[in-house]
Amino acid sequence: MRRLVPPVLVALAVAGLWILALPAAPVDQPIAFNHARHAAVACAVCHRGAETAARAGIPQSNVCTRCHATAPDRSVSARAWSDVAAGRPIAWRQVTQVPEHVMFSHRRHTSLAQLACASCHGDAAARVTPFGAPATRIAMTTCLSCHTREGASEDCAACHR
Amino acid sequence: MARWGLVIDLDRCTGCQACVVACKHENNVPFSTPETARGGRLMTWLQLVAADLPGRPTASALPLMCQQCDRPPCTDVCPTSATYLNPEGIVAQIYPRCIGCRYCTNACPYAVKVFNWTAPDWPDAMAPMRNPDVSLRPKGVVETCTFCHHRLIAARERARAAGREIAPDDYVPACVATCPAEAMVFGDLSDPHSEVAALAGSPRAFRWMEELGTQPKVIYLREGE
Amino acid sequence: MSDAHEAVIQPILTIGPVFRRWAVALGAVVAWAAIAWSWQLWHGLGATNLGRPIYWGLYITNFVFFIGVSHAGTLISAILRIVQAEWRRPITRMAEVITVLVLFFGVGNVVLDLGRPDRALNVILHPHFRSPLLWDVSSITVYLTASSIYLYLPLIPDIARLRDRTSGWRGRLYRRLAIGWSGTPRQWQRLERAIGVMAVLVIPIAVSVHTVVSWVFAMTIQPMWHSTIFGPYFVVGAIFSGIAAIITAMAIVRRVYHLERYLRPEHFSNLGLLLLVMTCLWFYFTFAEYLTTWYGHEPRELAVFNAKLSGPFAPLFWMMFVSCFVVPFVILANPRTRTIAGTVVASISVNVGMWLERFTIVVPSLSNPRAPVLTFMYRPSWVEWSLMAGCFAAFALLYMGFTKVFPIISMWELEAAAPVPVRPVVAAPLPMGVRP
Amino acid sequence: MSDNLTRRDFLLYGGATIAGVTLGELGRRTLAAADARAAAWPSRGVETWATTVCRECAGGCGVRVRLMDGVPVKLEGNPLCPVARGKLCAKGQAAIESYYDPDRLVGPARRTARSGQPAWTRLTSTEAIALAAERLRQAIATPAGIVVLAADERGPLADAWTRFWRAANARLAWTPMPTAARLGPRLEVLTGAQGDPVFDLERATYVLSFGAPIVEDWLSGVWTQRSFGRFRRGSGHARGRLVQIDSRRSATARKADEWLAATVEQQVILAYGVASVLLRENRVDRAKLEPLAGNFDAFERQVTTYYTPDNVASATGVPVVTILRLARELASASRPLVAVNADAPAALADAVFTLDALVGAFDRPGGVFAKTGDPVLDRADAVEALRDVAAGRLRPKVLVFGDSSPLRALDAPADASAIAANCDFVISLSPYLDESAAIADFLLPVDVAIESWQAMLPATAVAADLVAVTRPAVPRRLETQDRAALLQSLGTAIGGSVEAACDWRSSEDVVGAELKRLARAARGTPYATTYETNWVRQLESGGWWASPADSEQEFVDRVLTVGGWIDPWFDPNQLTEALHAHGGLAFPIPESPPAVRDVAASPATSEEVALAADVVPAPVEPPRFPLKLFAFTPATVNPAGNLNQPALFELLGQPEGKPWRLWVELNPETAAQQDIANGAAVRITSAHASIDAVAVHVTGLPPETAALSFVPGGPTDGRWARLVGPDVRQLWGEDPASRPCAVRIARS
């Protein structure tokens with residue numbers, strides 16, 4: 001038995017390092033949404049708060065059915081589409097998120113500071129799969145580097161709430 | 001740069017404590033029970049205290065919140081700069097930086113900083129009542145009045161979106177907004193035309209414990225003639 | 001194999017039933033404290049009975065007390081070394097070990113007191129040097145380093161001696177720690193020199209540590225904390241409780257390991273005299289501190305003053321006064337009662353009293369804040385008492401452990417001074433002198 | 001470990017690494033999924049605002065509800081509401097806790113065990129209505145078979161309530177609310193004017209208050225607070241001076257420039273004492289009073305003969321010089337106002353209005369006006385009805401509680417079980433777990449204020465006609481009922497005249513009808529800014545009315561959006577007109593002259609003690625219960641609504657630092673005799689019970705009296721309300737708690 005202790009410790013150490021060292025794992029989204037196919041539409045058409053509110057919001061079925069009358073293609077399963085058609089909420093998983101103690105407003109960054117969505121979310125228009133992980137590392141250093149570069153407020157309380 | 005200040009006219013203040021409840025709801029300050037209150041665990045950012053003020057025969061009911069000192073004794077002693085004086089004169093508390101040593105709470109002569117002894121707790125039914133603009137402080141950190149700083153940020157954003165400068169009425173803390181006796185006035189002390197600046201120059205104006213050199217930006221107006 | 005100091009070496013190499021029993025008992029207390037700590041980590045500091053405005057209580061009291069006791073060793077042994085007091089030789093090691101071990105518990109109590117111990121490293125990652133707490137962190141770190149070195153250096157020749165007569169894990173350990181000591185004159189010269197340098201260095205560091213601890217309180221503007229004499233007052237209190245701790249430890253070690261040959265009544269008497277001096281100094285500082293507060297009549301200060309002298313804290317305050325001044329003074333001022341038993345009683349009394357002093361400095365000021373906010377009567381919770389018991393038990397356990405690994409009396413230093421008999425510090429012509 | 005890596009080791013460690021990676025990856029995915037789930041709240045953070053009316057008291061303040069994603073998070077005052085003007089009091093702020101109260105009744109239920117632990121069976125609303133209607137139908141035939149009790153209020157929805165129960169042949173009674181309407185009858189006695197008094201506190205320069213809780217919740221809390229603020233530091237006049245005559249050091253007494261301790265009986269005497277000084281020193285404007293004199297001469301004779309300062313001083317303990325000074329201050333002030341609490345006994349209200357008449361305060365800025373036109377409330381007292389039930393004088397088949405206010409106003413809490421025993425069936429409509437729910441057989445919880453349609457007349461405070469009208473601000477949270485819809489369903493199930501009385505289907509219909517009426521009244525305006533209402537006032541007094549809306553629908557929408565309707569036109573001479581019409585002032589002549597104080601019965605002054613010391617020092621047995629104890633309800637307690645609001649309990653006993661505590665106020669000297677420190681825990685013992693409280697020293701309180709805070713509620717209430725001490729009414733036993741109780745107080 002005693003011989004097994006070191007390998008078990010090694011396994012645990014590897015597991016711990018794996019979790020700590022790698023970025024967050026991508027999550028599976030309920031629908032294989034293709035951003036590239038929708039690139040002709042402005043972001044704020046579906047993410048309605050992106051330019052006018054604090055939260056951009058992830059579109060729900062009512063947004064889909066404004067344009068789609070039937071299931072778009074085989075990328076959406078019949079069962080998933082029946083939920084959408086019935087107006088049931090889609091179980092999107094929000095992957096790009098700021099911590100609870102941060103006050104972030106999309107409007108302040110997009111329509112007021114004239115930042116492109118891509119500056120934080122990457123080139124969504126080129127994506128053929130939904131976001132499984134944030135395009136940018138959401139960390140204070142990321143925020144601060146841009147704030148410093150752009151001359152935005154670096155007061156802690158400007159973002160910390 | 002604005003210097004936010006608050007004037008409280010003690011002659012007008014009726015001690016109704018509407019401000020206390022408004023503050024509690026606005027800032028997600030958790031509720032107490034008789035036991036926790038008796039053990040000094042009553043969480044308030046703003047409360048009424050009985051203060052002996054010069055020239056008054058009995059103790060006056062004084063609404064007491066963070067005095068937003070220009071020379072805050074709390075920020076000096078913080079080992080991690082979790083509490084600091086921001087450029088607009090608001091004493092801010094950065095919760096993820098706070099290690100919970102409670103040195104600031106002890107250094108504050110007004111005893112207005114409160115500590116999260118336990119994780120904040122709301123009955124499930126009441127959880128949706130929490131203000132999403134204000135964070136929920138985890139257990140083990142210190143918190144205090146921020147002059148409803150989140151309202152300033154929201155007001156500034158609204159003003160910018162409307163393409164104008166922030167106006168005096170845009171940004172008012174929750175306590176001032178509800179004060180039925182109109183005893184509280186809030187505004188920019190650095191603006192000589194503001195109402196607070198005028199009132200701060202009143203012969204009735206005093207800053208509580210100003211002899212300690214804390215230079216508060218909460219200014220009280222004395223009761224009586 | 002036999003050795004001139006077999007009586008010192010024998011206890012290291014044998015573990016008797018009494019030791020085992022004590023180890024198990026103390027271990028149980030420590031285990032209980034570990035449970036209490038897990039409870040506190042889970043529930044937050046709500047597990048204590050602290051509240052607004054009494055934000056600091058037992059843990060900070062213990063912190064100040066332990067840091068105070070840590071002055072036992074290093075400072076005393078360093079001073080005695082510098083003044084070349086020959087009688088110090090059997091007791092320096094014992095004192096230095098106390099210093100190093102107790103420092104960990106001082107720091108540990110601050111960590112226990114943190115609301116977010118998981119973020120303790122923020123103090124180093126995001127330091128704010130205007131905070132006296134950071135001065136504390138710095139000075140305690142330096143002190144811990146210096147006193148560890150100061151403990152280690154004189155250990156080397158003794159370790160080497162043990163190395164030469166042990167094998168197995170002990171042998172391996174001593175071989176590493178002895179770093180090739182072979183007792184050449186060059187090595188001796190370097191060692192003596194290093195010890196000399198450290199002895200000088202360690203004194204200002206030790207003084208700074210307790211001064212800075214006092215400044216944690218004195219830098220605030222709270223009534224009866226904001227005092228200019230807090231620095232020296234705390235240093236005096238620290239040396240006071242430190243000497244008392246050494247005497248207590250000496251008595252125990254002497255009795256348990258039968259070291260009557262090394263630790264003689266003269267040692268107790270000499271340290272007792274030192275303790276008497278500190279008793280008087282302590283009284284002087286306390287008197288000065290309280291007199292000025294009382295005479296100044298500043299209402300907020302007076303509120304705390306009254307709370308201590310006649311208010312809810314009066315029992316603790318007067319108990320402190322009796323055990324810090326009355327008991328030790330009466331016992332130690334009389335040469336007839338300055339026996340081993342007498343000094344030990346006085347020392348225990350001083351230790352209890354000094355703990356109470358720390359408590360009556362920390363809590364009453366917080367209980368009487370300037371602002372008239374709702375206060376309450378602070379009584380520590382079971383978690384706080386458990387953790388305090390755990391700290392003392394863990395200290396005792398570690399100290400016992402040390403005696404089982406290293407010689408508790410510096411053998412080579414005794415040999416170096418062999419021709420000189422142990423003498424009392426006070427020479428015969430003095431009226432209070434003891435007979436050699 | 002050996003120095004050579006064997007194949008065995010290689011496999012072992014290789015396997016360990018692979019296992020570690022697998023484990024790590026699994027953990028990483030689990031954590032990411034958990035993070036994504038945690039980010040569910042709040043969904044979008046869209047802020048909206050809705051309008052409602054505060055129902056924590058009768059003031060009818062307009063409220064703006066801040067909703068995040070449709071969920072209410074905060075209440076603010078409605079800036080357009082002329083009562084609230086954008087402000088709310090502590091109770092108003094805490095009203096949101098009633099909506100979220102975790103102990104709210106979740107829906108209709110029937111009691112299945114009457115004694116012992118209450119057990120309840122949930123019902124659907126259809127079942128519930130059918131069952132209740134059955135009981136009511138059986139009871140209709142019996143005279144007083146149905147007794148219906150609720151808090152007093154005015155407005156279309158309250159009228160619908162009355163109409164329904166009248167049709168059901170029920171005996172209706174109401175818990176009196178402390179509004180100006182209660183003083184109306186007394187004003188009518190003196191002046192003949194039918195209406196509510198309007199006190200112009202804001203413009204007064206000197207206020208002599210007989211127990212009026214001016215800074216607490218007088219008449220209309222928020223309105224009074226604002227008026228007080230402006231009275232103190234108004235634009236345009238010097239700082240107003242306030243003299244408070246009160247039985248205890250209330251919050252108003254603390255704010256007053258001078259506080260005189262006097263019981264309600266003594267206050268009457270003191271008021272006439274001041275009147276007599278005014279008359280004797282000829283400090284009344286006789287020229288102005290002359291045309292309205294009425295029975296002035298008879299009154300003057302009576303008062304000046306019997307209420308001499310000496311008599312008054314001896315009856316009240318207030319020194320003669322103070323009485324003289326008060327009268328002179330009052331007479332010399334430019335705009336004096338004499339104020340009184342709404343629930344004052346008739347004698348005190350009469351005395352106060354008499355003083356107002358003497359100082360010329362009627363129809364004068366900073367004085368008293370009358371607001372006629374509102375329905376006069378002539379309403380049976382619910383508390384008396386309940387007492388009848390408890391005593392068995394009244395044995396209804398069905399007892400209906402609109403809310404718990406009658407039970408809270410009861411003198412003795414022990415009555416509750418007797419009430420249940422004397423009724424066949426008890427129905428409670430209260431949405432909360434409270435006293436009426438505790439004795440009810442049947443729970444039919446109705447919507448709380450912010451879930452309801454509202455149409456009510458705010459208690460008289462503003463000199464204007466007001467109706468507060470709003471939509472529900474939020475969807476209902478639980479299975480509660482709309483009150484009017486509930487009545488209508490009951491009516492349909494009962495049939496007959498009851499069904500016919502319901503000309504509505506829900507509150508929405510009642511509110512709609514009221515809005516139509518307002519739209520067709522061709523006066524007034526939806527709530528608007530002061531400038532806009534002033535404009536309407538100008539137009540209307542010019543005899544021309546500009547409709548504020550193009551169509552009726554637009555008008556209705558506008559009123560519902562802003563939260564109410566106001567007709568700012570106000571005739572400031574209604575009292576004078578009434579006086580002319582009724583032949584002048586009809587002074588109620590105080591009947592009995594004040595009895596000269598019985599020295600033996602009252603504590604002696606120090607002089608008397610000094611005198612007595614020379615006489616016989618007879619050993620006197622100290623009385624068992626030496627103190628007279630008064631109970632008072634703190635201003636932050638809502639006697640009609642939800643008590644289970646934790647934020648309000650934290651305000652109790654502040655600023656003395658006694659949150660959540662019952663406290664008893666004592667004279668420091670009395671306390672010193674018992675060695676009771678300020679803030680010490682004490683035990684109060686009467687002939688009936690003992691209660692624990694915290695002592696608070698109050699200098700100036702008569703040494704033989706003590707005042708104890710009272711929070712209704714108790715073990716039958718929600719999780720917080722049951723934590724606030726026992727019901728102090730136990731101390732009184734069967735005696736009415738409105739009178740002092742003999743107690744002793746000692747350290748516990």
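In the text below, chain A, chain B and the rest are named by the order of the sequence lines, each starting its count at 1.
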| task | Check each atom of B/Cys108 against the heavy atoms of chain C and say whether the ones under 4.5 Å are side chain, backbone, both or neither. | result | backbone
| request: Could you list which of residues 31-41 of chain B have a heavy atom closer than 4.5 Å to any heavy atom of chain C, in residue-number order? | output: B/Ala37, B/Arg38, B/Gly39, B/Gly40, B/Arg41
| Do C/Tyr233 and C/Phe230 pass the side chain to side chain contact (heavy atoms under 4.5 Å, CB included) test, and can you show the C-alpha distance, the side-chain angles, and the key distance before you say yes or no? | CA-CA 5 Å; C/Tyr233 185 26; C/Phe230 252 37; 4.2 Å; yes
| said: If I measure from the heavy atoms of chain B, does C/Trp135 come under 4.5 Å with its side chain, its backbone, both, or neither? | reply: neither
| Ring center gap for C/Phe313 and C/Phe305 short of 6.0 angstrom | no
| Can you say whether C/Ser365 sits under 4.5 Å from chain B via the side chain, the backbone, both, or neither, judging by heavy atoms? | neither
| What part of C/Phe217 lies closer than 4.5 angstrom to a heavy atom of chain B: side chain, backbone, both or neither? | backbone
| query | Has C/Arg116 got its NZ or CZ under 6.0 Å from the middle of the six-membered ring of B/Tyr95, at an angle within 45 degrees of the ring axis? | reply | no
| said: Counting the benzene-type ring for Trp, do C/His71 and C/Tyr143 have ring centres under 6.0 Å apart? | reply: yes
| field | Pair C/Trp355 and C/Phe359, ring centroids less than 6.0 Å apart | value | yes
| query | Among C/Arg130, C/Arg52, C/His43, which residue forms the greatest number of heavy-atom pairs with chain B at distances under 4.5 Å? | reply | C/Arg52
| task | Can you measure from CZ (B/Arg97) to CG (C/Asn122) and round to the nearest 0.5 angstrom? | result | 6.0 Å
| field | Toward chain C: residues of residues 48-56 of chain B with heavy atoms under 4.5 Å | value | B/Val49, B/Ala50, B/Ala51
| query | Between B/Gln67 and B/Trp208, do the side chains contain an N or O donor and an N or O acceptor separated by less than 3.5 Å? | reply | no
| request: May I ask you to name which of C/Leu133, C/Ile124, C/Leu121, C/Thr220 has the most heavy-atom pairs under 4.5 Å with chain B? | output: C/Leu133
| C/Ile54, C/Leu125, C/Val216: which one forms the most heavy-atom pairs within less than 4.5 Å of chain B? | C/Val216
| By a 4.5 Å heavy-atom criterion (distance strictly below it), what part of C/Leu41 contacts chain B: side chain, backbone, both, or neither? | backbone
| field | Short N-O contact, B/Glu26 and B/Arg151, less than 4.0 angstrom | value | yes
| request: Hey, could you give me the NE2/OG distance between C/His210 and C/Ser70, rounded to the nearest 0.5 Å? | output: 7.5 Å
| remark: Looking only at B/Pro96, B/Pro79, B/Gly100, the option with the highest number of non-hydrogen pairs under 4.5 Å against chain C is B/Pro79
| request: Assign the ring pair B/Phe115 / C/Tyr55 to parallel, tilted or perpendicular, where the plane angle (0 to 90°) is split at 30° and 60°. | output: perpendicular
| chain B interface, residue from C/Gln222, C/His226, C/Met377 that has the most non-hydrogen pairs under 4.5 Å | C/Gln222
| field | Part of C/Leu50 within contact of chain B (heavy atom distance under 4.5 Å) | value | both
| Close aromatic pair by centroid cut-off 6.0 Å: C/Trp39 and C/Trp382 | yes
| field | When C/Gly44, C/Pro53, C/Ala120, C/Gly46 are compared by non-hydrogen pairs under 4.5 Å with chain B, the top option | value | C/Gly46
| Just how far is it from atom CD of B/Gln17 to atom SG of B/Cys175, taken to the nearest 0.5 Å? | 13.5 Å
| Less than 6.0 Å separating the ring centroids of C/Trp56 and B/Tyr103? | yes
| task | Give, as side chain, backbone, both or neither, the part of B/Met43 having an atom under 4.5 angstrom from any heavy atom of chain C. | result | neither
| remark: Rounded to the nearest 0.5 Å, the CD1 atom of C/Ile229 sits from the CD atom of C/Glu289 at a distance of 4.5 Å
| Got a salt bridge between B/Arg222 and B/Asp11, using NZ or NE/NH1/NH2 to carboxylate O under 4.0 Å? | no
| query | Considering only heavy atoms, which portion of B/Pro73 lies under 4.5 Å from any heavy atom of chain C: side chain, backbone, both, or neither? | reply | side chain
| task | Test B/Trp4 against B/Gln68 for side-chain hydrogen bond (donor to acceptor under 3.5 Å, both in side chains), laying out the working first. | result | CA-CA 9 Å; B/Trp4 302 107; B/Gln68 307 289 355; over 6 Å; no
| said: Taking the ring of C/Phe105 and the ring of C/Phe392, is the distance between their centroids below 6.0 Å? | reply: no
| said: Taking side chain as everything from C-beta outward and backbone as N, CA, C, O, which of these in C/Leu366 sits under 4.5 Å from a heavy atom of chain B? Side chain, backbone, both or neither. | reply: side chain
